[in-house]
Participant: 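Before I ask anything, here is the structure I am working with.
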Amino acid sequence: MAYDFERIEKKWQGIWEQEKPYAAKTGDDRPKWYGLIEFPYPSGQGLHVGHPRPYTAMDIIARKRRMQGYNVLFPIGYDAFGLPTENYAIKNHMHPHDVTRRNVANFTSQLKMLGFGFDWDRMVDTTDPTYYKWTQWIFLQMWKKGLAYKATMPVNWCTSCKCVLANEEVVEGVCERCGSPVIQKEKSQWMLRITAYAQRLIDDLDEVDYIERVKIQQRNWIGRSEGAEVDFDTTAGDKMRIFTTRCDTLFGVTYMVMSPEHALLTKWMPMLKNADAVKAYQDAAAHKSELERTELSKEKTGVRLEGVAAINPVNGQEIPIFISDYVLATYGTGAIMAVPGHDSRDWDFARAFDLPIIEVVKGGNVDEAAYTDCETGELVNSGFLNGLPVEEAKEKMIAWLEEKGVGERKVNYKLRDWVFSRQRYWGEPIPMVNCPKCGWVPVPEEELPVLLPEVESYEPTDTGESPLSKMTDWVRCKCPKCGGEAQRETDTMPQWAGSSWYFLRYTDPHNADALASPEALKYWTPVDWYNGGMEHTTLHLLYSRFWHKFLYDIGVVPTKEPYAKRTSHGMILGEGGVKMSKSRGNVVNPNDVVAKYGADTLRLYTMFIGDFEKAAAWSDEAVKGCKKFLDRVWALAEAGPTGDEVSPAHETAVHQTIKKVSQDIEEMKFNTAIAAMMTLVNDFYKTKPSLGDMEVLLKLLSPFAPHVVEEMWEMLGFEGRAMAQKWPEYDEAKTVEQMKELAVQVNGKLKGTVTVPTGCPDQVAVAAAMAEPKAARAMEGMDVVKTIVVKDRLVNLIVKPKK
RNA sequence: GCCGGUGUGGUGGAAUGGCAGACACUACGGACUUAAAAUCCGUUGUCCGAAAGGACGUGCGGGUUCGACCCCCGCCACCGGCACCA
């Protein structure tokens, strides 16, 4: 019979509000376990059906840990600063603060409706001044250590958000958030020196238990490459420095290329015979968006500098210098040595400009294409390197360069410093003051937080300045150092700031004197298990690891790494496997599912839908199956089972299920854990279960469907709460059946099955197999030449015709 | 182009060297019902066959093995990430 989920879920959610079974106690004697989900951005649309998937998964693990005797911290909060709220506020003439408050209230009621076991007393909101005080405080510590700095440089500018973007926020040349084109703009920006941590961010990945593809993506994004920097003399007298990973190919250099933004160009401009053409090319490059630059990637363009040439240090040859936008200003030194024989981009360029191509590594045909697959091979046309294999040649060249003082070993990273200013209202004010006399001066720590002022309008300005800049009363202030007239910084922090350390605040969320007490941090950190989306691998995950390492260096946190373990979930797609979106009209609202089937069914279905790591398509039909399963369990409970012990008829199945469910939860194979419980329930329908059988089933099911399980627990007259019971243990010996069905094969082909006692001797199994009628028939007129027995699984009889 | 992943019934998916398709959805049949829904029981990879039975079957082509969805080599398709990174 269908159970009354509406009444039951309301009842137990009320009881949990009272009893607070999810409260974490700092400093408890039990072993601690800290499970973390990525806290949501409280959007106006409310909870999406994609949210419950990772939340339910970690909730199940957290509930299992509690039953295993751990002191569990499983917190929740809101990452509430950000553009959508600000844009909504502008459109609807509301204050972002009010929009946020409303959305947070809505999210909270939805999350409670789903029965997640969060410790609500530790709730955190990044827009709360008592929280962002510490976000600002961390920024000031970075400033003190020289990791925060102001720099004028070309930055990514979103034409629609009217705001700069971090490198990580530009996806295929467009804004990650709104999809508008991104252009390059010179702006003075606050930067965080994440590159200072590049090597440690790579190295310490070895110490953490992250799924491999997350580690790989982080390593690729940081993009370490080993090589050398080499100085080329020029006819202008200046040295031109380049970075190369292939210094062994120096004899193959036939020209040089600089990025159009290279600093030496300004100096050289007066001596260039074709200064106009060079300038024109620079202008054209500056006006290209990121998208255009990548779209035009095939055709190589450039301009030769007439009047300046470079000199190859290995042979003294004079070679031409070009500017081209295929060389990036932001990587390496912004200039390269071109080896057209062994680099396909250089080869394309050399062909376009009719430049000589020299083979320096044997193995390819450089007249037809660049021979780039040349990590092994032998050097030719290369003076003192001739005949050496590539690796040795590299080492010899580096030694030679260092000896002559024209170059040195060097490691480069693709990772760039983090552009940390945003020209928007709804973010943490950057706590800095610009004084005409003293320069940039930090706001004294005792004056934190620097509160966001009330403003008339949140509209971004077309001049690219923050809306805060119009608040002249707020902007004007006294210099904390000299007391003179000064101005506040009007840019705010990006959304990633608040989320870079929120997991630390959870350990001690109401602390007014520190971001968290050392005791709380020592007790709870690191996070034992963090689950989140792959889309945050190069943004949030990298940023928060960086902040954490910094906090470790200044003695604030006790661990080098914030998260001991990181897993990832797949997206929930709409019916038929397409992305859920408003425009397709296939968005499933959790409220509707809960109204129709109840929270326990939604929880169960999102776990049963498929492999947790992979994307899965929503199916309304399939949801019913999970409801049916809960109804079937309910009917078993209503039937009033008797007998306190696990019944002999179900003993093996019960122990097998305990084992399967226990192991599967650890591996996040929730779908097969649920399948195992379904199988057990199917058994219970064939043979009536005892009360003892039901007791085990309810304990196993409790983390998945907590409301209905508590109701049944109570109904069956058990003591206390199901969720507070000890997690069931299995006896390995009892998971083994008495009899086993063996597959019988003849020459590897399945003929039938025989049932034998578990663990019986091989001869017994073979004898039984040979007696199997179909096998016997297949063996007529044959000699058995070999028998293969896999214990408790199969017998394979290898036969061949009798002579 | 590079890196990573995936490919299994009508559908979602199980099985990481040992009976392919667990579990569930759909569909069909039966019981209950005046009837329907719900529920319970059963069937449900494809093809041939009345049946007994047989043949085929995990993207494609090879290989290793007594035995391959699983391991190896070569392709194809799709998904995700990165992409002129010197």
Side-chain angles (χ1 to χ4, degrees), chain A residues 1-2 171-173 211-217 219-221 223-225 227 242-247 249 257 259 293-294 296-300 324-328 330-339 342-346 348-349 372 412-416 534-535 537-538 570-571 575-577 605 608-611 613-626 628-629 631-632 635 669 671-682 685-686 741-753 774 785-799:
Chain A
M1 268 301 101
V171 178
E172 284 171 8
I211 50 170
E212 202 52 36
R213 58 197 170 119
V214 168
K215 288 191 183 185
I216 289 167
Q217 268 193 37
R219 284 197 196 99
N220 288 349
W221 186 263
R224 180 194 153 98
S225 51
I242 58 95
F243 173 72
T244 178
T245 55
R246 293 301 303 267
C247 62
T249 62
V257 190
S259 75
R293 267 184 114 146
T294 43
L296 297 171
S297 67
K298 277 175 199 157
E299 266 179 58
K300 295 279 177 287
S324 174
D325 63 3
Y326 87 87
V327 174
L328 306 175
T330 43
Y331 183 75
T333 63
I336 60 153
M337 62 179 214
V339 186
H342 304 280
D343 181 288
S344 52
R345 296 153 303 176
D346 296 346
D348 291 344
F349 191 88
T372 56
N412 249 317
Y413 302 92
K414 284 193 227 176
L415 185 69
R416 290 184 234 166
M534 281 306 286
E535 70 274 23
T537 301
T538 50
M571 251 197 312
E575 298 254 3
Y605 177 62
F608 189 61
I609 192 167
D611 185 337
E613 284 200 2
K614 289 184 204 140
W618 184 267
S619 159
D620 277 329
E621 286 298 335
V623 180
K624 286 186 206 159
C626 290
K628 198 164 120 185
F629 168 66
D631 282 335
R632 279 162 70 82
K669 290 161 76 174
N671 52 340
T672 50
I674 293 166
M677 288 188 277
M678 287 173 167
T679 305
L680 185 66
V681 167
N682 289 344
Y685 268 76
K686 291 189 184 93
E741 203 177 52
L742 305 189
V744 179
Q745 297 180 342
V746 176
N747 286 347
K749 256 194 167 320
L750 183 70
K751 290 298 166 188
T753 60
K774 273 198 233 168
V785 293
K786 194 175 173 186
T787 59
I788 288 147
V789 180
V790 181
K791 262 242 184 302
D792 298 334
R793 283 201 172 268
L794 118 173
V795 176
N796 188 5
L797 305 164
I798 311 302
V799 299

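Chain letters run A, B, ... following the sequence lines, proteins first, then strands; residues in each count from 1.
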Participant: Could you check how far CD1 of A:I211 sits from P of B:C3, rounded to whole Å?
Facilitator: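 Roughly 20 Å, once rounded to whole Å.
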Participant: Could you measure between the two P atoms, the one in B:A15 and the one in B:U6, and give it in whole Å?
Facilitator: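 It works out to 13 Å between them.
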Participant: Whole-Å distance between B:C82 C1' and A:E535 CD?
Facilitator: 16 Å
Participant: Just the rounded figure in Å: distance from C1' of B:C82 to CE of A:M534.
Facilitator: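 Those two atoms, CE and C1', are 12 Å apart.
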Participant: Whole angstroms only, please: what is the OH-C1' distance between A:Y331 and B:C84?
Facilitator: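 Going from A:Y331 (OH) to B:C84 (C1'), I get 12 Å.
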Participant: What nucleotide, of B:C23, B:A86, B:C3, holds the atom closest to the side chain of A:I216?
Facilitator: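 My answer, after comparing the listed nucleotides, is B:C3.
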Participant: Using the P atom on both, measure B:C71 against B:G1 and round to a whole Å.
Facilitator: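 After rounding to an integer number of Å, I get 26 Å for this pair.
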Participant: Is A:T753 touching bases, backbone alone, or none of the nucleic acid, heavy atoms closer than 4.0 Å?
Facilitator: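 Since a base atom lies under 4.0 Å of A:T753, the category is base.
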Participant: Scan A:D611 against the nucleic acid and name what it touches under 4.0 Å (heavy atoms): base, sugar-phosphate only, or nothing.
Facilitator: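 Here A:D611 touches the backbone only, sparing every base.
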Participant: Nearest to the side chain of A:R793, which nucleotide is it out of B:C19, B:A24, B:A22?
Facilitator: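 Of all the options, the side chain of A:R793 is nearest to B:C19.
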Participant: State which of B:C25, B:C82, B:C66 makes the closest approach to the side chain of A:W221.
Facilitator: B:C82
Participant: With both distances under 3.5 angstrom, what nucleotide forms a Watson-Crick or G-U wobble pair with B:G49?
Facilitator: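 Partner of B:G49: none.
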Participant: Test for a donor-acceptor pair under 3.5 Å between the base of B:C84 and the side chain of A:K300, counting only N and O atoms.
Facilitator: yes
Participant: Counting only side-chain nitrogens and oxygens, does A:K624 get under 4.0 Å of the OP1 or OP2 atom of B:A24?
Facilitator: no
Participant: Between B:U58 and B:G53, how far is it from one C1' atom to the other, in whole Å?
Facilitator: 25 Å
Participant: Expressed in whole Å, how much space separates the C1' atoms belonging to B:U43 and B:C25?
Facilitator: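 These two C1' atoms come out 16 Å apart once rounded.
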Participant: Main chain of A:L794, side chain of A:Q745: is a donor-acceptor contact present, judged purely on distance under 3.5 Å?
Facilitator: no
Participant: Does A:R632 offer a backbone N or O that forms a donor-acceptor pair with the side chain of A:Y685 under 3.5 Å?
Facilitator: yes
Participant: Are OP1 or OP2 of B:C56 and a side-chain N or O of A:K749 less than 4.0 angstrom apart?
Facilitator: yes
Participant: Report the residue (A:G332 or A:K614) whose heavy-atom-nearest nucleotide on RNA chain B is the more 5′ of the two.
Facilitator: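 Upstream on the strand: A:K614.
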Participant: Side chain of A:E621 only, heavy atoms from C-beta on: which candidate in B:G81, B:U26, B:C23 is closest?
Facilitator: B:U26
Participant: For B:U8 versus B:A22, give the span between their C1' atoms, rounded off to a whole number of Å.
Facilitator: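 Comparing C1' positions in B:U8 and B:A22 gives a spacing of 13 Å.
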Participant: Send over the distance from A:E613 CD to B:G81 P, rounded to a whole Å.
Facilitator: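 That distance rounds to 16 Å.
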Participant: To the nearest 0.5 Å, what is the distance between CZ on A:R416 and NZ on A:K414?
Facilitator: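 Atom-to-atom, A:R416:CZ and A:K414:NZ are 10.5 Å apart.
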Participant: Need the pair for B:G4. Rule: Watson-Crick or G-U wobble, both distances under 3.5 Å, any strand; none if unpaired.
Facilitator: B:C79
Participant: For a quick check of understanding: with a heavy-atom distance under 4.0 Å over all strands, which category does A:I798 fall into, base, sugar-phosphate or nothing?
Facilitator: sugar-phosphate
Participant: Nearest 0.5 Å, what's the CD-CE distance between A:E613 and A:M534?
Facilitator: 9.0 Å
Participant: With a non-hydrogen cut-off below 4.0 angstrom, is A:S225 in contact with a base, only sugar-phosphate, or nothing?
Facilitator: sugar-phosphate
Participant: Does any N or O donor sit under 3.5 Å from an N or O acceptor when you compare the side chain of A:Q745 with the base of B:C19?
Facilitator: no
Participant: Are A:K300 and A:F349 in a cation-pi setup, meaning NZ or CZ lies under 6.0 angstrom from the ring centre and within 45 degrees of the ring axis?
Facilitator: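 No; the conditions do not both hold, so A:K300 does not lie above the ring face of A:F349.
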Participant: Taking only the C1' atom of each, what is the distance from B:C47 to B:G9 in whole angstrom?
Facilitator: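 Approximately 14 Å lies between the C1' atom of B:C47 and that of B:G9.
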Participant: Would you mind pulling out the nucleotide paired to B:G67, Watson-Crick or G-U wobble, both distances under 3.5 Å?
Facilitator: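 Pairing partner: none.
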Participant: Using a 4.0 Å heavy-atom cut-off, does A:A615 contact any base of the nucleic acid, only the sugar-phosphate backbone, or nothing at all?
Facilitator: sugar-phosphate
Participant: Within the structure shown, what part of the strands sits under 4.0 Å from A:K751 by heavy-atom distance: base, sugar-phosphate, or nothing?
Facilitator: nothing
Participant: Of the listed nucleotides (B:G18, B:U26, B:A86), which one gets closest to any side-chain atom of A:N796?
Facilitator: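 Side chain of A:N796 sits closest to B:G18.
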Participant: P atom, B:G12 versus B:U64: distance in rounded Å?
Facilitator: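 Per the computed distance, 35 Å lies between those P atoms.
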Participant: So which nucleotide does B:A27 pair with, by the Watson-Crick or G-U wobble rule with both distances under 3.5 Å?
Facilitator: B:U43
Participant: If we ignore hydrogens and angles and just use 3.5 Å, is the side chain of A:N412 paired with the main-chain N or O of A:S225 as donor and acceptor?
Facilitator: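 A pair under 3.5 Å: no.
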Participant: Kindly point out which of B:C23, B:C41, B:G4 is positioned nearest to the side chain of A:Y685?
Facilitator: B:C41
Participant: Between atom CD1 in A:I609 and atom P in B:A14, what is the gap in whole Å?
Facilitator: 12 Å
Participant: Answer with base, sugar-phosphate or nothing: what part of the nucleic acid does A:K669 contact at a heavy-atom distance below 4.0 Å?
Facilitator: sugar-phosphate
Participant: Under 4.0 Å from OP1 or OP2 of B:C3: is there any side-chain N or O of A:R219 that close?
Facilitator: no
Participant: Would you say the side-chain atoms of A:N747 pair up with the backbone N or O of A:V799, donor to acceptor, closer than 3.5 Å?
Facilitator: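 Yes.
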Participant: Under 3.5 Å for both donor-acceptor distances, Watson-Crick or wobble: does B:A20 have a partner, and if so which one?
Facilitator: none
Participant: Supply the atom-to-atom distance A:N796 CG to A:T787 OG1, rounded to the nearest 0.5 angstrom.
Facilitator: 9.0 Å
Participant: Describe the nucleic acid contact of A:N682 in one word from base, sugar-phosphate, nothing, applying a heavy-atom distance below 4.0 Å.
Facilitator: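 Contact class for A:N682: sugar-phosphate only.
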Participant: Base, sugar-phosphate, or nothing: which does A:L794 touch, judged by heavy atoms less than 4.0 Å apart?
Facilitator: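 Base contact - A:L794 has a heavy atom under 4.0 Å of at least one base atom.
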Participant: To the nearest Å, give me how far apart NZ (A:K414) and C1' (B:C3) are.
Facilitator: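 It works out to 10 Å between those atoms.
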Participant: Between A:D620 and A:Y605, do the side chains contain an N or O donor and an N or O acceptor separated by less than 3.5 Å?
Facilitator: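 Absent: no donor and acceptor within the cut-off.
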Participant: Determine which nucleotide pairs with B:C84, using a 3.5 Å limit on both distances of a Watson-Crick or G-U wobble pair.
Facilitator: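 Paired with B:C84, as far as the under-3.5 Å criterion goes, is no nucleotide at all.
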Participant: Could you tell me whether the phosphate oxygens of B:A24, OP1 or OP2, come under 4.0 Å of any side-chain nitrogen or oxygen in A:N671?
Facilitator: no
Participant: Using atom C1' in both nucleotides, what's the gap between B:A31 and B:A37 to the nearest angstrom?
Facilitator: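 Each nucleotide's C1' atom is 16 Å from the other's.
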Participant: Taking only the side-chain nitrogens and oxygens of A:R246, find out if one of them lies under 4.0 Å from OP1 or OP2 of B:A86.
Facilitator: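 False: A:R246 side-chain N/O out of range (4.0 Å or more) of B:A86 OP1/OP2.
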Participant: Any chance you could measure A:I336, atom CD1, to A:Y331, atom OH, to the nearest 0.5 Å?
Facilitator: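 These two atoms lie 12.0 Å from each other.
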Participant: Please report the distance, rounded to the nearest Å, between CE in A:M678 and C1' in B:G13.
Facilitator: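 Atom-to-atom, A:M678 to B:G13, this comes out as 12 Å.
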Participant: Considering only side-chain heavy atoms of A:K628, which listed nucleotide, B:C3, B:A86, B:U39, is closest?
Facilitator: B:U39
Participant: With sugar-phosphate meaning primed atoms plus P, OP1 and OP2, does A:G625 contact a base, only sugar-phosphate, or nothing at under 4.0 Å between heavy atoms?
Facilitator: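 Sugar-phosphate, no base atom in range.
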Participant: When we call it a touch if two heavy atoms are under 4.0 Å apart, what does A:F608 touch: a base, just sugar-phosphate, or nothing?
Facilitator: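 Base contact - A:F608 has a heavy atom under 4.0 Å of at least one base atom.
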Participant: Look at the side chain of A:I336 and decide which nucleotide, out of B:A86, B:A83, B:C23, has an atom nearest to it.
Facilitator: B:A86
Participant: Find which nucleotide of RNA chain B each of A:E741 and A:T672 is nearest to by heavy atoms, and output the residue with the more 5' nucleotide.
Facilitator: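 By nearest-heavy-atom nucleotide position, the 5'-most residue is A:T672.
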Participant: Please classify the glycosidic conformation of B:G9 as syn (within 90° of 0) or anti (everything else).
Facilitator: syn
